[in-house]
Engineer: 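This is the structure I want to talk about, given as structure tokens.
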Amino acid sequence: MNTFTNSDINTDTAADRADPTTADAVPAAAAGGITPWVHKVQYYETDQMQVVHHSNFIRWFEECRVYALDEIGYGYDKLEAAGIMSPVLSIEAKIKISVRFGETVKISAAVEKFDGIRLTLRYEVRRAGDDALCCTGTTSHCFLGPDGRLISLKRKYPDVYEALCKFPTEFA
């Protein structure tokens with residue numbers, strides 16, 4: 001049986017490691033929730049009309065997911081060091097309004113469904129200036145061991161399971 005304890009986890013947050021001069025730096029999550037991931041739209045993320053290309057919403061979901069897992073103390077680096085992989089099974093994005101070059105967006109994640117073997121996260125992308133809802137989406141994941149087979153976090157990694165059970169189910 002694999003054991004994974006809190007002592008195996010570096011509990012500094014993404015904000016502790018962030019360069020304060022970086023535009024994307026976000027303070028650590030407040031108690032009871034994870035602050036949204038903040039992203040300023042770069043020129044290379046846009047098309048000729050200066051509208052964000054749809055593929056970038058998927059990238060922003062990943063940025064938010066990586067940040068949120070770091071915030072709860074179980075970032076991808078820690079999971080993978082323990083032999084836990086979490087591939088993406090499906091992705092969906094619904095663009096509501098255009099996002100343009102130079103705008104800043106806030107991306108939030110919340111758990112839609114989690115059973116210890118599979119995890120589905122919901123996302124909202126909102127424009128920082130007026131809080132307009134720009135995009136919603138989901139990603140579904142599973143958890144694999146080093147042999148590439150499905151694992152139950154509840155059974156093999158109860159600390160990780162408990163942390164994910166406390167992941168917000170509503171947007172901050």
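Residue numbers start at 1 and run along the sequence shown.
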Engineer: What residue among Val66, Val125, Leu121 forms side-chain contact (heavy atoms from CB on, under 4.5 Å) with Phe61?
Structural biologist: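 Looking at Val66, Val125, Leu121, the match for Phe61 under the side-chain contact (heavy atoms from CB on, under 4.5 Å) is Val125.
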
Engineer: Which pair of non-hydrogen atoms, one from Ala93 and one from Ile58, has the smallest distance, and what is that distance?
Structural biologist: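 Where Ala93 meets Ile58 most closely, the heavy atoms are CB-CD1, 4.0 Å.
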
Engineer: CZ/Phe171 to CD1/Ile34 distance, rounded to the nearest 0.5 angstrom?
Structural biologist: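 Going from the CZ atom of Phe171 to the CD1 atom of Ile34 covers 11.5 Å.
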
Engineer: Do the side chains of Val51 and Leu133 join up, straight or via other hydrophobic residues, at under 4.5 Å, putting them in one cluster?
Structural biologist: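 Result: no, two separate clusters.
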
Engineer: Only pairs at least two apart or in different chains count here, so list each side chain to side chain donor-acceptor pair (under 3.5 Å) that has a residue in residues 107-122.
Structural biologist: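 Pairs touching residues 107-122 that pass the test: Thr120-Ser140.
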
Engineer: Over all heavy atoms of both residues, which pair between Arg65 and Tyr76 is shortest? Give the atoms and the distance, please.
Structural biologist: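 Taking every non-hydrogen atom into account, NE-OH, 3.0 Å.
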
Engineer: Drop me the distance from Leu89's CG to His141's NE2, to the nearest 0.5 angstrom.
Structural biologist: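 Interatomic distance, Leu89 CG to His141 NE2, rounded to 0.5 Å: 8.0 Å.
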
Engineer: Run the side chain to side chain contact (heavy atoms under 4.5 Å, CB included) check on Ile91 and Thr138 step by step: do they pass?
Structural biologist: CA-CA 6 Å; Ile91 300 171; Thr138 60; over 6 Å; no

Engineer: Rounded to the nearest 0.5 Å, what's the gap from CD1 on Ile97 to SG on Cys134? Could you check?
Structural biologist: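 One gets 4.0 Å once the value is rounded to the nearest 0.5 Å.
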
Engineer: Would you say Glu80's side chain and Asp77's backbone share a donor-acceptor pair under 3.5 angstrom?
Structural biologist: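 Side chain of Glu80 to backbone of Asp77: no pair is present.
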
Engineer: Would a hydrophobic clustering, with Ile, Leu, Val, Met, Phe, Trp and Tyr connected at side-chain separations under 4.5 Å, put Ile95 with Val99?
Structural biologist: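 Yes; tracing contacts between hydrophobic side chains, which count when under 4.5 Å, links both residues.
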
Engineer: To the nearest 0.5 Å, what is the distance between CD1 (Ile72) and CZ (Phe167)?
Structural biologist: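 The CZ atom of Phe167 is 6.0 Å from CD1 of Ile72, to the nearest 0.5 Å.
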
Engineer: Consider only side-chain N and O atoms of Thr136 and Tyr123, and report whether a donor and an acceptor are under 3.5 Å apart.
Structural biologist: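 Tyr123 and Thr136 do not have a side-chain donor-acceptor pair below 3.5 Å.
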
Engineer: Rounded to the nearest 0.5 Å, what separation is found between the NZ atom of Lys40 and the OG1 atom of Thr104?
Structural biologist: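 It is 6.0 Å, given to the nearest 0.5 Å.
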
Engineer: Closer than 3.5 angstrom, by distance alone: can the side chain of Glu162 be matched with the main-chain N or O of Asp159 as a donor-acceptor pair?
Structural biologist: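 Side chain of Glu162 to backbone of Asp159: no pair is present.
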
Engineer: Please give me the minimum heavy-atom distance between Leu144 and Pro87, naming the atom from each residue.
Structural biologist: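 The pair with the smallest heavy-atom distance is CD1-CG, 3.8 Å.
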
Engineer: To the nearest 0.5 angstrom, please state how far the NZ atom of Lys154 sits from the CG atom of Leu164.
Structural biologist: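 Output value for this atom pair is 13.5 Å.
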
Engineer: Under 4.5 Å between side-chain heavy atoms, counting indirect links through other Ile/Leu/Val/Met/Phe/Trp/Tyr residues: same cluster for Met85 and Ile117 or not?
Structural biologist: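 Hydrophobic grouping puts Met85 with Ile117.
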
Engineer: Tyr161 pairs by ring-ring contact (aromatic ring centres under 6.0 Å, His included) with which of Phe143, Tyr74, Phe114?
Structural biologist: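 Going through the options one by one, the only one that passes is Phe114.
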
Engineer: Ignoring hydrogens, what is the shortest heavy-atom contact between Phe101 and Gln42? Give both atom names and the distance.
Structural biologist: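 Closest heavy-atom pair between Phe101 and Gln42: CD1-C, 3.6 Å.
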
Engineer: Look only at the side chain of Asn56 and the backbone of Glu45, and say whether a donor-acceptor pair between them is shorter than 3.5 Å.
Structural biologist: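 Between the backbone of Glu45 and the side chain of Asn56 there is a qualifying donor-acceptor contact (under 3.5 Å).
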
Engineer: Please walk me through it: do Leu150 and Cys142 pass side chain to side chain contact (heavy atoms under 4.5 Å, CB included)?
Structural biologist: CA-CA 7 Å; Leu150 281 173; Cys142 65; 3.7 Å; yes

Engineer: Can any side-chain N or O of Tyr157 pair as donor or acceptor with the backbone N or O of Ala82 at less than 3.5 Å?
Structural biologist: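 Side chain of Tyr157 to backbone of Ala82, a donor-acceptor pair under 3.5 Å: yes, one is there.
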
Engineer: Give the cluster check for Trp60 versus Val88: same hydrophobic cluster or not, with ILVMFWY residues linked at side-chain heavy-atom distances below 4.5 Å.
Structural biologist: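 In one cluster: yes.
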
Engineer: With the side chain counted from C-beta on, respond yes when Pro168 and Glu170 share a heavy-atom pair under 4.5 Å apart, and no when they do not.
Structural biologist: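 Result no, sub-4.5 Å side-chain heavy-atom pair not found.
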
Engineer: Assess whether a salt bridge exists between Lys106 and Asp131, defined as any Lys/Arg side-chain N lying under 4.0 Å from an Asp/Glu carboxylate O.
Structural biologist: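 Asp131 and Lys106: salt-bridged.
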
